[in-house]
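Every number for a ligand or one of its atoms is a count from 1 in the order of the listing. In what follows, residues are counted from 1 in the order of the sequence shown. Just so it is clear, the model here is predicted, and its values are computed rather than measured.
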Amino acid sequence: MKAIVYEKYGPPEVLKLEDVPTPDPKDDEVLVKIHAASVNAADWHFLRADPFLVRFMNGILKPKIKILGSDIAGCVEATGKNAKRFHAGDEVFGDIFDCGLGGFAEYVCARENALVLKPANLTFTEAAAVPMAAVTALHGLRDEGRIQSGQTVLINGASGGVGTYAVQIAKSFGTEVTGVCSPSKMEMVRSLGADHVIDYTKEDFTRSGQRYDLILAANGYHSIWDYRRALSPTGIYVMSGGSMAQIFQAMLWGPVISMTGRQKLGNFVSKPNQEDLAFVKDLLETGKVKPLIDRRYPLSEVPEAIRYLEQGHARGKVVIIIQDEIRNDRRL
Ligand SMILES: NC(=O)c1ccc[n+]([C@@H]2O[C@H](COP(=O)([O-])OP(=O)(O)OC[C@H]3O[C@@H](n4cnc5c(N)ncnc54)[C@H](OP(=O)(O)O)[C@@H]3O)[C@@H](O)[C@H]2O)c1
């Protein structure tokens, strides 16, 4: 099969399109023929070993996992002998980060519990754009942020992968949503359902005097003290990513501020799981959430796709088309 492989850590140029053996499913795995995959910040973190911590997870000197790509959508091709949930021909999607990645390839083996049947109303391309970003947004809002109907919620970084899902998921919980983004994306964030949109190049929401019950920041963007000022007295701030300095600040000061007052502030790491992807699937099937796709690249252009995402201004998700979607789906 064709796959995008890397043998050493570095910039996107170290990624090569190669022929590699098609994997065989273990007993609890299925072999998936991948139709589409999407790119996440995790891919370039693993590619560059940035932060350095990645080397403790994937090899100190060179990568043990050589094929990146966590979000996939495709068809089950074969099943391991203990795999009972899915059958050959099933259309599935999922985040296979905990199965050892491998989505930038024509085939991958994944445990059954990483996958869910693809929503019937989505193409493979759309489905591949969902798992990691949408489940992260769900964990941030529902589990870390304890979102409640009627609250005021602010999403900082509302126009990227996590943010576009966060706006829609927050609306699905019956909240009043403010999205923060750059000027060219304001209309798009409004179209996702945001009640208010703030252009961060013109207005600093942390100094406007407005207070929010819940703030989800895709990345840090501001200091934790700025976020504290923008929270209601019992408000919660959660951060899904950011620079090392912002992450350390959230890890160090977040618990201190949270222990000494009624506000809660901190970062979180989202772990993929089948149950929460199934929850997101329901939101997709009822039309409450829609994937927003910025650019599509063929498998051979994964390096360009990662280079684009790394610039930090994607409009929703960046997808890799692996099988010919046009043939399979007339809507694209
Ligand atoms: N497992 C996990 O816990 C997990 C999973 C997924 C992601 N993450 C982390 O979450 C973070 C976000 O991921 P993502 O997929 O959403 O990234 P992304 O698609 O690159 O989106 C980042 C967004 O940030 C916006 N932005 C840039 N500068 C800004 C500023 N000063 N103020 C407000 N917004 C600004 C950009 O929008 P504009 O173009 O409008 O500026 C862009 O849409 C990453 O750090 C990632 O590592 C963690």
Side-chain angles (χ1 to χ4, degrees), residues 38-48 50-51 53-54 57 68-71 95-98 101 114 128-141 143-145 154-169 178-190 192 194 197-207 215-223 226-227 230 238-247 250-251 266-273 276-277 280 291-295 305-319:
S38 76
V39 186
N40 288 286
D43 294 311
W44 65 258
H45 289 306
F46 266 62
L47 173 63
R48 292 184 181 271
D50 175 11
L53 197 66
V54 165
M57 297 161 74
L68 297 169
S70 295
D71 282 343
D95 174 352
I96 57 168
F97 184 86
D98 283 351
L101 293 90
V130 173
M132 187 183 282
V135 170
T136 300
L138 177 67
H139 287 167
L141 293 168
D143 303 344
E144 306 292 325
L154 181 134
I155 311 296
N156 198 10
S159 53
V162 173
T164 48
Y165 288 109
V167 169
Q168 299 178 79
I169 292 172
T178 300
V180 181
C181 61
S182 58
S184 65
K185 313 237 173 86
M186 291 177 76
E187 209 34 62
M188 183 264 280
V189 171
R190 214 168 270 124
L192 295 173
V197 183
I198 295 174
D199 168 1
Y200 65 75
T201 66
K202 291 218 176 69
E203 186 184 336
D204 179 351
F205 74 89
T206 70
R207 296 186 183 279
I215 299 178
L216 184 147
N219 287 308
Y221 311 119
H222 288 268
S223 84
D226 288 344
Y227 284 110
V238 292
M239 177 182 112
S240 66
S243 65
M244 281 318 286
Q246 287 164 343
I247 290 171
M251 288 170 72
N267 63 330
F268 72 101
V269 176
S270 164
K271 271 192 74 69
N273 72 78
D276 291 336
L277 185 57
V280 169
L292 202 121
I293 297 173
D294 180 347
R295 296 190 180 181
I306 291 183
R307 217 172 274 126
Y308 176 64
L309 188 76
E310 265 190 297
Q311 291 165 15
H313 295 286
R315 184 182 282 268
K317 292 290 298 176
V318 174
V319 178

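The two residues V189 and C181 make their nearest non-hydrogen contact at CG2-SG, 3.7 Å.
The shortest separation from a heavy atom of A133 to ligand 1 is not under 4.0 Å, leaving the residue out of contact. For E310, the heavy-atom gap to ligand 1 stays at 4.0 angstrom or more. Residue G242 places a heavy atom less than 4.0 Å from ligand 1.
Nearest non-hydrogen protein atom to atom 2 (C) of ligand 1 is S270 N, 3.6 Å. The protein non-hydrogen atom at the shortest distance from atom 42 (C) of ligand 1 is G312 O, 3.2 Å. With respect to atom 33 (C) of ligand 1, the closest heavy atom belonging to the protein is N156 OD1, 3.2 Å. Ranking the protein heavy atoms by distance from atom 21 (O) of ligand 1 puts G160 CA, 3.4 Å first. Closest to atom 32 (N) of ligand 1, if we only count protein heavy atoms, is Y200 CD2, 3.3 Å. If you check which protein heavy atom lies closest to atom 37 (O) of ligand 1, you get S159 OG, 2.9 Å.
In terms of polar-atom proximity, defined here as any N/O pair under 3.5 Å, V269 makes no such contact with ligand 1. Every N/O-N/O distance between A41 and ligand 1 stays at or above 3.5 Å. Of the polar atoms of G161, at least one N or O is found under 3.5 Å from an N or O of ligand 1, judged by distance alone. In terms of polar-atom proximity, T136 is not counted as a contact of ligand 1, lacking any N or O under 3.5 Å from an N or O of the ligand. By the 3.5 Å distance cut-off applied to N or O atoms, A42 is not counted among the residues near ligand 1.
The part of K185 lying near ligand 1 is the side chain, judged by heavy-atom distances below 4.0 Å. The proximity of R315 to ligand 1, defined as any non-hydrogen pair under 4.0 Å, does not occur for either the backbone or the side chain.
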* To do: Under the side-chain contact (heavy atoms from CB on, under 4.5 Å) rule, what do W44 and V39 come out as? Steps first, then yes or no, please.
  => CA-CA 9 Å; W44 65 258; V39 186; 5.9 Å; no

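Residue S240 holds the heavy atom nearest to atom 8 (N) of ligand 1 of all those in S240, G241, P272. Closest heavy-atom approach to atom 12 (C) of ligand 1 among the candidates S184, A218, G179: A218. The residue from W44, Y165, Y221 that puts a heavy atom closest to atom 23 (C) of ligand 1 is Y221.
Between F46 and F97, the ring-plane angle classifies as perpendicular under the 30° and 60° cut-offs.
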